[in-house]
Engineer: 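Below is one structure. I have some questions about it.
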There are 2 protein chains.
Amino acid sequence: MQVIAPRWKAALEKALAAHPKETVTQLASIDPSTPVPHVRSIIFRSFVEPEGNPSRPLLLATTDVRTPKTAQMIANPHVQLVWWMDGSQEQYRISGTASIVPAPGQSLHKNFTHSLRTPQGTKFDWEAKRLEVFRNMSPFMKASWCRPVPGSRLEGGQEEARKWPVRLEEPKPGDEEGKRLWEMSLANFALVVIEPHDVDYVELGIVPNRRTRFWRKDGGWDEEELVP
Amino acid sequence: MQVIAPRWKAALEKALAAHPKETVTQLASIDPSTPVPHVRSIIFRSFVEPEGNPSRPLLLATTDVRTPKTAQMIANPHVQLVWWMDGSQEQYRISGTASIVPAPGQSLHKNFTHSLRTPQGTKFDWEAKRLEVFRNMSPFMKASWCRPVPGSRLEGGQEEARKWPVRLEEPKPGDEEGKRLWEMSLANFALVVIEPHDVDYVELGIVPNRRTRFWRKDGGWDEEELVP
């Protein structure tokens with residue numbers, strides 16, 4: 001069993017180190033009730049290896065738990081992420097399964113079954129991870145999770161929208177309104193965890209162009225060269 | 001009936017004029033045989049209004065007709081295109097139906113049923129459009145359609161790949177090898193035509209953020225403000 005980090009991850013990390021602002025990726029999912037694909041931009045936050053196993057890296061992103069994509073990914077966890085890295089002229093297409101990690105009190109939490117063993121044999125503490133990622137989000141992002149349901153009709157128009165908080169900082173003791181907003185934001189904040197099983201890596205910045213497919217096999221990763 | 005260009009198109013054209021290099025978009029499709037979404041980067045080439053009706057703009061992209069996405073889109077024409085415009089901090093999610101316009105001699109051509117009336121009452125000449133777009137492609141792109149089937153196993157490895165043409169120019173009279181490659185490229189070249197019916201437009205560059213949904217209705221476009 002190959003327990004080293006897959007080569008596609010090393011390539012992605014190298015490209016990200018050279019172009020650290022290129023964290024916008026696109027995530028496709030299927031709403032099982034209609035034959036229509038859905039795709040939206042999401043920000044890649046980091047890799048996480050909850051098992052301490054470098055051959056099994058998970059990708060972390062975040063979302064408002066009230067968006068349609070969370071219900072789509074709970075109903076059909078098959079997703080594909082595409083990452084066009086303009087600076088290096090590379091495309092990564094990452095097929096895998098997605099899990100949503102909502103707040104423990106959120107009604108969708110019952111659908112979260114991702115349980116992983118840490119190297120110490122204990123279970124990975126996903127709620128601690130969620131809180132850690134939340135704290136590192138910008139005040140602007142934190143404020144965005146205090147709005148009405150994303151994608152719902154904007155009642156009251158722009159006049160109403162101007163009342164939404166723009167920045168949200170951790171509340172000081174006694175700041176009741178700040179505390180209410182902080183808790184609302186944290187309750188709507190969820191992690192999106194993607195476990196990759198197949199990666200299509202295209203390098204357009206070199207001649208001849210290269211394309212490599214990687215897939216999980218026997219606990220490690222296998223690879224094959226494809227025609228670009 | 002509103003026969004003016006939809007407002008989302010004007011916004012997109014304004015963003016493109018300010019950031020003309022941001023033509024990379026991501027196209028999601030579904031392979032009806034598996035419950036797995038597919039998404040890849042494609043280059044937006046232009047709008048086309050074959051009916052001369054500004055309220056019905058189609059989006060043009062190109063592909064190698066041998067890629068899996070052409071079969072996917074023929075089997076299930078529902079697609080979603082997502083376009084993150086970094087320079088203007090805008091996202092356009094365009095839902096619609098896709099058609100493939102292959103070479104007339106290509107076996108997939110029988111699936112191409114898109115027939116539109118021009119303002120003169122004649123049929124739109126899609127093959128003329130395909131040839132026009134092909135001529136405007138770079139010599140590098142033209143050469144890319146002379147490779148073995150995209151996504152197939154690379155037989156012969158990089159040694160074989162180094163034999164592929166890198167640039168392809170229109171052949172001079174008597175250049176038999178150039179003529180053979182030109183014809184191969186043109187035979188593999190196809191248009192991807194997307195007819196939008198629903199557009200989700202998010203503006204993250206302004207405070208408060210804005211989100212607008214547009215959808216085709218009664219031959220024109222209706223719109224509604226949503227919560228971002």
Side-chain angles (χ1 to χ4, degrees), chain A residues 21-22 24-30 32 34-41 66 72 76-84 86 91 93 95 140 144 147-158 160-166 198 200 202 204 207-213 224-228, chain B residues 21-22 24-30 32 34-41 66 72 76-84 86 91 93 95 140 144 147-158 160-166 198 200 202 204 207-213 224-228:
Chain A
K21 289 187 175 174
E22 297 203 29
V24 178
T25 73
Q26 280 75 29
L27 179 70
S29 60
I30 297 179
T34 60
V36 180
H38 296 264
V39 61
R40 75 289 288 165
S41 301
R66 301 168 298 169
Q72 287 165 18
N76 177 353
H78 296 289
V79 295
Q80 196 171 81
L81 191 83
V82 63
W83 198 334
W84 171 248
D86 200 60
Q91 177 178 269
R93 290 172 74 184
S95 304
F140 302 98
S144 76
R147 299 171 182 163
V149 176
S152 65
R153 186 188 165 91
L154 178 61
E155 306 293 346
Q158 288 302 308
E160 191 60 31
R162 277 189 289 272
K163 297 176 189 164
W164 297 338
V166 174
D198 205 302
D200 179 352
V202 180
L204 298 183
V207 177
N209 298 162
R210 282 192 138 176
R211 183 172 182 180
T212 314
R213 185 189 156 215
E224 176 177 58
E225 278 199 286
L226 303 183
V227 177
Chain B
K21 288 186 175 173
E22 298 203 29
V24 178
T25 73
Q26 281 74 30
L27 179 70
S29 60
I30 295 179
T34 60
V36 180
H38 295 264
V39 61
R40 75 291 286 166
S41 302
R66 302 168 296 169
Q72 287 165 19
N76 176 353
H78 297 288
V79 294
Q80 195 171 81
L81 191 83
V82 62
W83 198 333
W84 171 247
D86 200 61
Q91 177 178 267
R93 289 171 74 184
S95 304
F140 302 97
S144 76
R147 298 171 184 163
V149 176
S152 66
R153 185 187 167 91
L154 177 61
E155 305 293 348
Q158 288 303 309
E160 190 60 31
R162 278 189 289 270
K163 298 177 188 163
W164 297 338
V166 173
D198 205 302
D200 179 351
V202 180
L204 297 183
V207 176
N209 298 161
R210 282 193 137 172
R211 184 171 181 179
T212 315
R213 184 188 156 216
E224 177 177 55
E225 277 198 286
L226 303 184
V227 177

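The chains referred to below are lettered A, B, ... by the order of the sequence lines, with proteins before strands, and numbering in each begins at 1.
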Engineer: So for B:Arg162, is it side chain, backbone, both, or neither that comes closer than 4.5 Å to the heavy atoms of chain A?
Structural biologist: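 Both backbone and side chain.
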
Engineer: Quick check for you: among A:Glu155, A:Lys21, A:Arg210, which has the greatest number of heavy-atom pairs under 4.5 Å with chain B?
Structural biologist: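 Ranked by heavy-atom pairs under 4.5 Å with chain B, first place is A:Arg210.
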
Engineer: Please classify the contact between B:Arg211 and chain A as side chain, backbone, both or neither, with a heavy-atom cut-off of under 4.5 Å.
Structural biologist: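 Just its side chain gets close to chain A.
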
Engineer: Step by step, would you call B:Asn209 with A:Arg147 a side chain to side chain contact (heavy atoms under 4.5 Å, CB included)?
Structural biologist: CA-CA 11 Å; B:Asn209 298 161; A:Arg147 299 171 182 163; 2.7 Å; yes

Engineer: State, with a plain yes or no, whether a side-chain heavy atom of A:Ser41 is found less than 4.5 Å away from one of B:Val82.
Structural biologist: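 A:Ser41 reaches B:Val82 side chain to side chain.
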
Engineer: Once rounded to the nearest 0.5 Å, what's the spacing between atom CD of A:Gln91 and atom CZ of B:Arg40?
Structural biologist: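 A:Gln91 CD to B:Arg40 CZ: 9.0 Å, rounded to 0.5 Å.
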
Engineer: When rounded to the nearest 0.5 angstrom, what is the spacing between CG in B:Asp86 and CD in A:Glu22?
Structural biologist: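 It comes to 8.5 Å.
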
Engineer: Please report the interatomic distance CZ(A:Arg153) to CD(B:Glu224), rounded to the nearest 0.5 Å.
Structural biologist: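 Between A:Arg153 CZ and B:Glu224 CD, I get 4.5 Å after rounding to 0.5 Å.
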
Engineer: Considering only heavy atoms and a distance below 4.5 Å, find which of B:Phe140, B:Trp83, B:Trp164 pairs most often with chain A.
Structural biologist: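 The answer is B:Trp164.
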
Engineer: Hey, what do you get for CD (A:Gln26) to CG (B:Leu81), rounding to the nearest 0.5 Å?
Structural biologist: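 These two atoms lie 10.0 Å from each other.
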
Engineer: Between B:Val79, B:Val207, B:Asp200, B:Val166, which has the largest tally of heavy atom pairs under 4.5 Å with chain A?
Structural biologist: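 Winner by heavy-atom pair count: B:Val79.
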
Engineer: Is there a side chain to side chain contact (heavy atoms under 4.5 Å, CB included) between A:Leu154 and B:Leu226 once you walk through the steps?
Structural biologist: CA-CA 5 Å; A:Leu154 178 61; B:Leu226 303 184; 5.6 Å; no

Engineer: If I take atom CD from residue A:Gln158 and atom CD from residue B:Glu225, how far apart are they, to the nearest 0.5 angstrom?
Structural biologist: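 One gets 4.5 Å once the value is rounded to the nearest 0.5 Å.
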
Engineer: Do you know which of B:Pro35, B:Ala161, B:Pro32 has the most heavy-atom pairs under 4.5 Å to chain A?
Structural biologist: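 Looking at each of B:Pro35, B:Ala161, B:Pro32 in turn, B:Pro35 comes out on top.
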
Engineer: Minimum heavy-atom separation for B:Val39 and A:Val39, please, with both atom names.
Structural biologist: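 Residues B:Val39 and A:Val39, closest heavy atoms: CG2-CG2, 3.9 Å.
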
Engineer: Which atoms of B:Val36 come close to chain A, meaning under 4.5 Å heavy atom to heavy atom: side chain ones, backbone ones, both, or neither?
Structural biologist: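 Contact with chain A: backbone and side chain both.
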
Engineer: Answer with side chain, backbone, both or neither: which region of B:Ser29 has an atom nearer than 4.5 Å to a non-hydrogen atom of chain A?
Structural biologist: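 For B:Ser29, backbone heavy atoms alone lie under 4.5 Å from chain A.
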
Engineer: Non-hydrogen atoms of chain A under 4.5 Å away: do they reach the side chain of B:Val202, the backbone, both or neither?
Structural biologist: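 When you check distances to chain A, no heavy atom of B:Val202 falls under 4.5 Å.
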
Engineer: Locate the shortest heavy-atom distance separating A:Ala28 from B:Pro37; write the atom from each residue and the value.
Structural biologist: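 Scanning both residues, the minimum pair turns out to be O-CG, 3.4 Å.
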
